[in-house]
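Just below is one structure, and these are the notes that go with it.
Counting from 1, the numbers follow the sequence of the chain as shown. Given the structure is predicted, the values throughout are model-derived calculations rather than measurements.
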Amino acid sequence: MSMWSILRRKLATQPSSSSAFVFGRSTSTRGYSTTKVKEALLLGRGSKIVGNVGRNSFLGCPVSSKPVREAVSFFQRDSPIHVQNRSFSSDNGDLVDAVVPFMGESITDGTLATFLKKPGDRVEIDEPIAQIETDKVTIDVASPEAGVIQKLVAKEGETVEPGTKIAVISKSGEGVSESHVAPSEDVPSQAASKPSAGKKKEDKEKPKEETSLPKPKAETSPPKRKAPSPPPPKASATEPQLPPKERERRVPMTRLRKRVATRLKDSQNTFAMLTTFNEVDMTNLMKLRSEYKDAFVEKHGVKLGLMSGFIKGAVSGLQNQPIVNAVIDGDDIIYRDYIDISIAVGTPKGLVVPVLRNADKMNFAEIEKAINTLAKKANDGSISIDEMAGGSFTISNGGVYGSLLSTPIINPPQSAILGMHSIVNRPMVVGGEIVSRPMMYIALTYDHRLIDGREAVFFLRRIKDVVEDPRRLLLDI
């Protein structure tokens, strides 16, 4: 027979007025508790308890009744049931962590460059609070919730990974002190100066014992002659006079700059680089832009530039000389059946190369829109890793900075790069007459292991023909 059956039978043999087994909600931590209920379960015959019941009880039973006292002794002797209490603490969810976001497939860590906010500052949701420098781009760490920055967990200059906690944000602003200045190092020195001051005060109050003792007479000795000091060594005439170190500044390289330096040095050590040059008469392309620039802006909402003409010329050259679009992989040559043009963009933080996907399928308007969008993202630091991945050929326009002539370096793992330069009016012989023409030098640096001089010259000549006479693009000649 079960324990509850025995209890039920004992309760049933008593008068019905005291045979109620009350179930309620207990507020104590051990066996006896104070119970307040409005419902009861009838275990006897004909008894009914309705209303507020409040008395000391054990497991919901009135202690004053005899059967319940027997039940209590029964539980204390034979029952294996132990009543235990667990305290639950509910987190109100006021504190949230700001963590480093995912930075790209090929990037596993970055450097915490700077904090844009400090403890106590108010931040809104998705507002940047720190910047992470990676090998390619600078990534913002956004606030997950609106609130007040309680504390900064990481330090500037540390290497962090995706998911690393860098700050704690309080949504209600509680627990943030008004003073957020780091404790100064001179505080302990001030505390240490107090006992020393007290010690000096005690020393002043003590009588001087030295006055009661007779001072010993100092033994007189004949004065010694000082040896003449050697003359200072004369500076050598050949010794270089270096500027003082105080006039120098040492700053660590950014991850982007270190990555660019590594890739360019690898390119120099790997490729057999050679550069060939040509010059382009910009008269017809500039005339085309001047005649149709207003209509172009009115229809497409973007200005017509010269870069789109060179990109269309590069696409035509890559289609005519597919080896320039290829790359060496071990002992094999990989020919690419797509044309993704990388555009080198110089930013205050370093050089980045966003990519125009499928440039061979774009018209002039689509190219100009894509260039403007990518250049704007590169300058404000919002460009993503995916927008710079890949690329089969690179164009670098140093002419916007006034470069007259240069030899660009290949962007690995590509095999060639086109360099554009500034437009300068020079005297040229046209039709047997000397006339002034807007001329530009163009340069092609290529991997001579894969591309011969013949293909490189043909490629540059194709760009020259297309830029000097854009009608060739329409006629495909």
Side-chain angles (χ1 to χ4, degrees), residues 100-116 128-142 154-162 164 166 243 245-271 273 275 340-356 371 373-391 393-403 406-421 443 445 447:
V100 178
F102 177 72
M103 296 182 287
E105 293 292 342
S106 60
I107 298 179
T108 58
D109 58 13
T111 300
L112 181 55
T114 180
F115 277 104
L116 304 177
I129 62 176
Q131 288 184 337
I132 307 296
E133 283 188 353
T134 67
D135 296 342
K136 298 181 179 180
V137 294
T138 300
I139 299 174
D140 292 333
V141 179
K155 297 180 180 179
E156 294 183 356
E158 288 186 354
T159 300
V160 293
E161 299 177 352
T164 303
I166 66 169
K245 296 295 183 181
E246 291 78 10
R247 296 174 61 186
E248 299 177 352
R249 292 183 297 112
R250 182 185 295 270
V251 295
M253 291 179 66
T254 62
R255 292 178 67 99
L256 178 58
R257 175 54 56 191
K258 289 190 289 186
R259 180 62 175 169
V260 170
T262 301
R263 286 177 60 85
L264 294 182
K265 189 58 182 175
D266 291 343
S267 174
Q268 190 180 46
N269 295 336
T270 302
F271 299 141
M273 287 188 290
T275 305
D340 291 348
I341 304 294
S342 301
I343 308 297
V345 179
T347 66
K349 295 183 179 180
L351 183 68
V352 295
V353 280
V355 181
L356 269 68
I371 291 175
T373 301
L374 293 175
K376 186 180 297 183
K377 288 184 177 181
N379 285 313
D380 60 20
S382 61
I383 192 168
S384 65
I385 300 296
D386 295 336
E387 291 173 322
M388 295 190 298
F393 183 78
T394 298
I395 298 179
S396 176
N397 186 8
V400 295
Y401 308 113
S403 173
S406 66
T407 56
I409 191 169
I410 298 174
N411 177 26
Q414 301 172 12
S415 298
I417 179 173
L418 175 68
M420 298 169 53
H421 301 91
T445 300
D447 186 2

Do [X] and [Y] touch side chain to side chain, with heavy atoms closer than 4.5 Å?
| X | Y | result |
| --- | --- | --- |
| L256 | E133 | no |
| I341 | I395 | yes |
| I409 | F271 | no |
| I132 | T138 | no |
| S342 | Q414 | yes |
| V141 | I166 | yes |
| V352 | E387 | no |

What heavy-atom pair brings [X] and [Y] nearest, and what distance separates the two atoms?
| X | Y | answer |
| --- | --- | --- |
| A443 | T275 | CB-CG2, 4.0 Å |
| L112 | A154 | CD2-CB, 3.7 Å |
| A130 | F115 | CB-CD2, 3.8 Å |
| S403 | H421 | O-CB, 3.2 Å |
| V345 | A378 | CG1-CB, 4.1 Å |

What distance do [X] atom [atom1] and [Y] atom [atom2] have between them, rounded to the nearest 0.5 Å?
| X | Y | atom1 | atom2 | answer |
| --- | --- | --- | --- | --- |
| T111 | E156 | OG1 | CD | 11.5 Å |
| L116 | Q131 | CG | CD | 5.0 Å |
| D266 | I410 | CG | CD1 | 13.0 Å |
| T270 | D447 | OG1 | CG | 9.0 Å |
| D340 | T394 | CG | OG1 | 10.5 Å |
| L264 | N269 | CG | CG | 11.0 Å |

[Y] backbone acceptor or donor facing [X] side chain under 3.5 Å:
| X | Y | result |
| --- | --- | --- |
| D140 | A142 | no |
| T445 | I417 | no |
| S396 | A344 | no |
| R263 | N411 | no |

- [ ] Begin from the C-alpha positions of R255 and D109 and carry the test side chain to side chain contact (heavy atoms under 4.5 Å, CB included) through to its verdict.
- [x] CA-CA 11 Å; R255 292 178 67 99; D109 58 13; 3.0 Å; yes

Task: side chain to side chain contact (heavy atoms under 4.5 Å, CB included) partners of T164, counting only residues at least two apart - done: V100, V160, E161

Task: Test side chain to side chain contact (heavy atoms under 4.5 Å, CB included) applied to P162 - qualifying residues, sequence neighbours left out - done: M103

TODO: May I have the step-by-step check of side chain to side chain donor-acceptor pair (under 3.5 Å) for S384 and D386, ending in yes or no?
DONE: CA-CA 5 Å; S384 65; D386 295 336; 5.2 Å; no

